[in-house]
Amino acid sequence: MQTWPSHPVPRVPGAPRPLRLYDTATGEIRPTTPGATATMYVCGITPYDATHLGHAATYLAFDLVHRQWLDNGHEVHYVQNVTDVDDPLLERAARDHDDWVVLAMRETALFREDMAALRVLPPRDYLGAVESIPEIVEAVAKLLSDGVAYRADDEQYPDIYFDRLASGHFGSVSNYDEPTMLRYFAERGGDPDRPGKRHPLDAQLWRAARPGEPSWDGELGAGRPGWHVECSVIALNRLGMTFDVQGGGSDLIFPHHEFSAAHAESLTGQHPFARHYAHAGMIGLDGEKMSKSRGNLVFVSRLRADRVDMMGLRLGLLSGHYRTDRAWTSDVLDEALARVDRWRQAVARESGPPAEDTVARLRDHLADDLDTPQALRAVDAWAAAALAGDGSDPTAPALIRDALDALLGVALQPAAMP
Ligand code: 5CA
Ligand code: ZN
């Protein structure tokens, strides 16, 4: 699939800091330990509606991971998927008498524009589920022949399921107990009550064709892929086992990331799937998680249409810590817009206080599990001093501008407007 346009990232003088990141599997903030090429897979959108601020916040968090690795001199191999065939997409298309393929194309195109406007660095590999079906079929066939997957006991719809215990590591991502797993499985796309399964928590790998649903014929019989195996296979075939970071929102911890890992571990006999499982908190609106199913959404594209400064939006979404569930309010946006104005005025001055210490603090805070609230405050302090006329270092404004661009993805050139 086509990705979105990139932009050059300036190199910032001074010493980079190795990135430490919270890992859901171990419950600790641990250093990331990439080789020359750092590897990351972040779960992409299900394109049945436009990108809302919750999605945007999650992709911005992982954009900061990308940027801290670049600052540390790594190449970054970043992979993202698009779940371009799944129940919610088909249901929305049916509701609106729309063609599901065209709906997915339209929303994916809008997502690309939103990501580019927010200056999110693009993935190197951007793959849809549909275009990945041959590799998914191959993997599911292997799981079947290895005896870790089975056909549901149902002659009409012989869906293929994964024996959750097959990898020997089930539970190692989420660390949830079985009642918690069962609750989330039911809430997040699982089918615990489906007759013909051997265990309520076994996850679907291949859904046999139903009347009126799209399906692909082949060695598994006509059907379409399950959700978790899509991400397992796309990641595994691009990054191999034990890549650096598997990312997404915290709503993906279970069942999605637990099963993506378990499938890949069963396919390869290796563990772990990823060194870090990193999860962004949920953005809420009016006291509830922002979600397509609840309909309490603020869309990035709506704000673009309203000519909202995307660098202000970016700063607003980064003003809270990425792991904290947090509410989006008009105050958050207003404060961020005021902040970006102050910063713009400060870096437009001919001189300011020496900026090396500020850049070092910015790096320290970001390397500490992406502590953006502190990082932004460090920049505020420099900007306030610059605007008060303190300091006469003529290189400082450009250094701050480059550091904000490279490390936070905030471009303060006047051309940054959407
Ligand atoms: N296609 C799957 C992942 S393979 C999916 O979850 N798609 S999604 O469109 O529902 O979500 C896209 C990304 O945004 C996921 O990483 C999800 O965890 C994240 N996300 C969804 N809602 C929110 C929210 N309210 N706040 C923060 N992140 C969110
Ligand atoms: Zn995924």
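We use all heavy atoms of the structure for the numbers below, so side chains are in, but hydrogens, waters and symmetry mates are not. Just follow the structure's listing: the first ligand is 1, and inside any ligand the first atom is 1.
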Checklist entry - Which residue from Leu53, Leu297, Leu252, Thr51 reaches closest to atom 15 (C) of ligand 1 through any of its heavy atoms? => result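 Answer by nearest heavy atom: Leu252.
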Could you tell me how the ring of [X] sits relative to the ring of [Y]: parallel (under 30°), tilted (30 to 60°) or perpendicular (over 60°)?
X      : Y      : value
His228 : His256 : tilted
Tyr78  : His66  : perpendicular
His52  : His55  : parallel
Phe259 : Phe170 : tilted
Phe185 : Phe254 : tilted

Next on the checklist: Whether Arg302 engages the ring of Phe299 as a cation-pi pair (distance to the six-membered ring centre under 6.0 angstrom, angle to the ring normal within 45°) should be assessed.
Outcome noted: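 Because its charged atom misses either the 6.0 Å distance or the 45° angle limit, Arg302 does not stack over Phe299.
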Checklist entry - Quick one: is the NZ or CZ of Arg210 closer than 6.0 Å to the six-membered ring centre of Tyr157, and within 45° of its axis? => result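 Yes, Arg210 sits over the ring of Tyr157.
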Item to check | N or O pair under 3.5 Å between Met282 and ligand 1 | outcome: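 No, there is no polar N/O contact under 3.5 Å.
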Item to check | Thr58 N/O under 3.5 Å from ligand 1 N/O | outcome: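 Yes; at least one N/O pair falls below 3.5 Å.
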Just jot down the ligand 1 atoms closer than 4.0 angstrom to any heavy atom of [X], in number order.
X      : answer
Cys231 : 4 (S)
Gly249 : 16 (O), 17 (C), 18 (O)
Gly281 : 26 (N), 27 (C)
Tyr59  : 12 (C), 13 (C)
His256 : 4 (S)
Gly248 : 16 (O)
Thr83  : 1 (N), 2 (C), 4 (S)
Cys43  : 3 (C), 4 (S), 16 (O)

Checklist entry - Can Gly44 be said to touch ligand 1, with heavy atoms closer than 4.0 Å? => result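 Yes, Gly44 has a heavy atom closer than 4.0 Å to ligand 1.
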Checklist entry - Is the closest heavy atom of Glu230 to ligand 1 under 4.0 Å? => result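 The answer is no, since Glu230 has no heavy atom less than 4.0 Å from ligand 1.
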Next on the checklist: Tell me the closest heavy-atom pair linking Gly171 and Met181, and the distance in Å.
Outcome noted: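 Minimum heavy-atom contact is CA-CE, 3.8 Å.
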Item to check | Leu121 versus Arg67, closest heavy-atom pair with distance | outcome: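 Taking Leu121 first and Arg67 second, the nearest heavy atoms are CG-NH2, 3.7 Å.
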Next on the checklist: Checking contacts here: is it the side chain or the backbone of Asp251 that comes within 4.0 Å of ligand 1, counting heavy atoms only? Could be both or neither.
Outcome noted: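 For Asp251, the contact with ligand 1 is made by the side chain alone.
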Checklist entry - Is it the side chain, the backbone, both or neither of Val42 that has a heavy atom closer than 4.0 Å to ligand 1? => result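 The answer is neither; Val42 stays 4.0 Å or more away.
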Next on the checklist: So, 2.8 Å as the limit: is an N/O/S atom of Cys231 located closer than that to the Zn ion (ligand 2)?
Outcome noted: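 For Cys231, the answer is yes, given that an N, O or S atom comes within less than 2.8 Å of the Zn ion (ligand 2).
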Checklist entry - Is atom CE of Met105 surrounded by more than 12 heavy atoms (other residues, nucleotides or ligands) closer than 6.0 Å? => result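 No - once you tally the heavy atoms of other residues, nucleotides and ligands closer than 6.0 Å, there are 12 at most.
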Next on the checklist: Please report, to 10°, the angle around the Zn ion (ligand 2) from atom NE2 (His256) across to atom SG (Cys43).
Outcome noted: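 The angle at the Zn ion (ligand 2) comes to 110°, rounded to the nearest 10°.
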Item to check | Between Tyr277 and Gln246, a side-chain donor and acceptor under 3.5 Å | outcome: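 No, no side-chain donor-acceptor contact under 3.5 Å.
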